[in-house]
Amino acid sequence: MRGILICFSTLLVVGYLLISSSNGNSQNKSQPVQSSATPSVKSYGAIGDGKADDSAAIQKAVDSKIGQIQFPKGVYRITKTIAIDLDKLGPTSLSSDGTATIIMAGAGPAFRFIGTHAGTASPHTVKENVWLNQRSPMVDGLEIVGDHPEACGIEATGTMQITLTRLTIRRALHGIHFVKRNRNVIVSNCHIYQNRGAGIFYDHVNIHQSNIVGCHISYNAGGGVVVRKGDVRNIQIGVCDIEGNMGDENSEPTANVLIDSEGAMVGEIAIVGCTIQHDHYAPGSANIRINENAFVRPHSSEYRDGNITIADNVLSDVQTNIEITSARGVTVTGNTMWKGYQHNIRIHDCRNILVSNNVLDRNPRYHYRDGATAQVGMLFTDCDGCTISGNQITGTGDETPALEIRDSRRMNVTGCTILDYAQEGLRLKNVFHSRISDCLIQSDLPGSEKSYSIKVIGGKENQIADNLLGNLKQLGK
């Protein structure tokens with residue numbers, strides 16, 4: 001019996017070993033064969049030591065048509081623009097994991113994307129070769145540093161759906177440069193920092209549908225987001241931090257967001273949910289400056305671009321927080337602003353403007369340094385058909401009225417709270433056919449017994465009713 005048990009046990013052990021061996025062989029056979037790694041620019045001869053000129057190697061990698069151009073950790077110095085001719089190369093992307101730096105030591109952009117798209121964003125205008133070879137060029141995870149007076153970051157022309165993400169671009173002339181014609185642009189999660197020109201530059205370009213989202217755009221001497229002329233529509237600037245994009249005292253006045261159509265066609269813009277600030281030391285500085293330059297068309301007595309929304313932003317520390325000239329159809333709502341050293345809001349030669357539910361405050365916390373000298377009021381000149389409602393204006397400066405309207409008509413001011421002004425709460429000068437109603441205008445500052453809640457100088461056919469005026473009033477004749 002004992003022999004039988006020993007034999008049976010031996011058989012069990014042998015069987016187990018055979019089964020284990022079989023399973024092991026099966027598992028080994030089922031394991032996938034590891035494919036070779038995707039070639040990188042180093043596969044084409046790039047060194048990445050910050051000294052060698054890697055221009056030719058990177059251009060060779062791009063021209064190989066592998067499409068996915070990877071940059072391993074390193075510093076890649078180039079002296080010539082890397083041209084990405086999309087129709088010849090097919091879909092192309094440039095990428096790193098944040099560990100690769102491109103030093104542009106020559107004139108021009110480090111990377112120039114060249115497409116042939118001449119249509120609009122409508123599907124029927126996009127040619128088949130664009131979909132096959134050019135759609136959605138991408139750049140992701142790179143740092144680009146300028147090392148030449150005319151070095152730029154990225155330039156795009158003729159592209160469809162270019163997507164730029166997680167980039168750092170600094171010490172260049174312009175960070176991102178759009179020229180000629182592009183469509184459906186996305187710039188997101190980028191740091192555009194300390195460039196000599198514009199951070200993101202729409203340069204006399206025909207471009208519709210562009211989104212700038214979640215970016216940090218700061219210390220660019222020629223402006224943060226800058227639009228110059230062109231045919232530009234549908235810009236969305238959202239949840240960005242945009243600050244200090246000003247030059248020195250010898251520079252041309254610019255803005256953190258500068259929309260300057262110069263008689264061209266620019267409109268349909270949304271600036272929403274951003275913090276935008278600095279620097280009031282720069283002459284003529286503004287956080288948002290929009291100049292639509294109204295001009296006469298043969299078929300119309302008055303032609304203005306616009307259709308712009310500025311909403312839910314936090315704005316501070318410039319000469320003028322929001323400045324709008326010669327525009328039509330603009331909504332300014334839900335913004336909080338302070339330390340506008342000339343004005344918080346300045347609107348000139350505009351039509352059909354709504355300014356509502358904004359807070360213009362002089363918070364004592366921000367009186368350090370020279371914050372107490374900021375005027376922070378609101379000024380409208382040469383305007384027609386504007387509504388100013390539900391705004392809170394507190395603590396304006398010693399010289400300017402909290403709210404002043406000059407040489408305007410059909411202005412509707414309702415439900416505003418204007419408090420603690422030094423001289424005047426509301427001034428109307430040469431204003432016609434307008435209405436002031438349901439406002440609370442009162443200053444409790446020392447010496448306020450000499451302040452005016454409202455002054456009316458010139459003008460006629462205005463209605464002033466149902467206001468609570470806590471100080472002196474001068475209603476004209």
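Keep in mind that this is a model prediction, so the values were computed, not measured.
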Strictly by modelled atom types, are [X] and [Y] linked by a side-chain donor-acceptor pair under 3.5 Å?
X      : Y      : answer
Thr165 : Ser188 : no
Ser285 : Tyr341 : no
Ser96  : Gln70  : no
Asp87  : Asn129 : yes
Asp407 : Thr381 : no
Asn182 : Thr159 : yes
Thr275 : Asp241 : yes

Ignoring hydrogens and angles, tell me if any N or O in the side chain of [X] forms a donor-acceptor pair with the backbone of [Y] under 3.5 Å.
X      : Y      : value
Asn321 : Ser316 : yes
Asp53  : Ser55  : yes
Ser326 : Glu292 : no
Ser40  : Lys42  : yes
Asn195 : Gly197 : no
Asp49  : Ala52  : yes
Asp317 : Lys339 : no
Arg181 : Ala118 : yes
Asn412 : Ile436 : no
Ser389 : Thr387 : no

Could Arg170 and Glu143 be called an ion pair, given the rule that one side-chain N must be under 4.0 Å from one carboxylate O?
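Salt bridge between Arg170 and Glu143, a charged N being under 4.0 Å from a carboxylate O: yes.
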Pairing of Asp140 and Arg166 as salt bridge, 4.0 angstrom limit
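The answer is yes: the pair qualifies as a salt bridge.
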Kindly determine whether Thr333 and Ser356 satisfy side chain to side chain donor-acceptor pair (under 3.5 Å), including the steps that lead there.
CA-CA 5 Å; Thr333 185; Ser356 69; 3.2 Å; yes
[atom1]/[X] to [atom2]/[Y] distance, rounded to the nearest 0.5 angstrom?
X      : Y      : atom1 : atom2 : answer
Asp361 : Thr394 : CG    : OG1   : 5.5 Å
Ile237 : Ile269 : CD1   : CD1   : 7.5 Å
Arg410 : Cys386 : CZ    : SG    : 9.5 Å
Leu173 : His148 : CG    : NE2   : 10.5 Å
Ile324 : Arg346 : CD1   : CZ    : 11.5 Å
His174 : Asp203 : NE2   : CG    : 6.5 Å

How about CZ on Arg409, more than 12 heavy atoms from neighbouring residues, nucleotides or ligands closer than 6.0 Å, or not?
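Counting other residues, nucleotides and ligands, CZ of Arg409 exceeds 12 neighbours.
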Glu268: which residues meet the side chain to side chain donor-acceptor pair (under 3.5 Å) condition with it, sequence neighbours left out?
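Side chain to side chain donor-acceptor pair (under 3.5 Å) check on Glu268 returns Arg233, Asn234.
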With sequence neighbours excluded, what pairs up with Arg289 under the side chain to side chain donor-acceptor pair (under 3.5 Å) test?
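Glu323.
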For Pro137, run the side-chain contact (heavy atoms from CB on, under 4.5 Å) check against Leu89, Ile162, Ile84 and tell me which one passes.
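The single option meeting the side-chain contact (heavy atoms from CB on, under 4.5 Å) with Pro137 is Ile162.
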Atom of Gly340, atom of Asn344 and distance for their closest heavy-atom approach
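Heavy-atom minimum between the residues: N-OD1, 3.3 Å.
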Any side-chain heavy-atom pair of Val130 and Thr116 under 4.5 Å
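In contact.
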Any chance the rings of Phe201 and Phe178 have centres within less than 6.0 Å?
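No, ring centres 6.0 Å or more apart.
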Start with the C-alpha distance between Arg183 and Asn206, add both sets of side-chain angles, then the distance that settles side chain to side chain donor-acceptor pair (under 3.5 Å), and finish with yes or no.
CA-CA 8 Å; Arg183 282 297 185 277; Asn206 184 311; 2.8 Å; yes
Whether Tyr193 and Tyr219 hold their rings parallel, tilted or perpendicular, with breakpoints at 30° and 60°
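Perpendicular, since the angle between the ring planes exceeds 60°.
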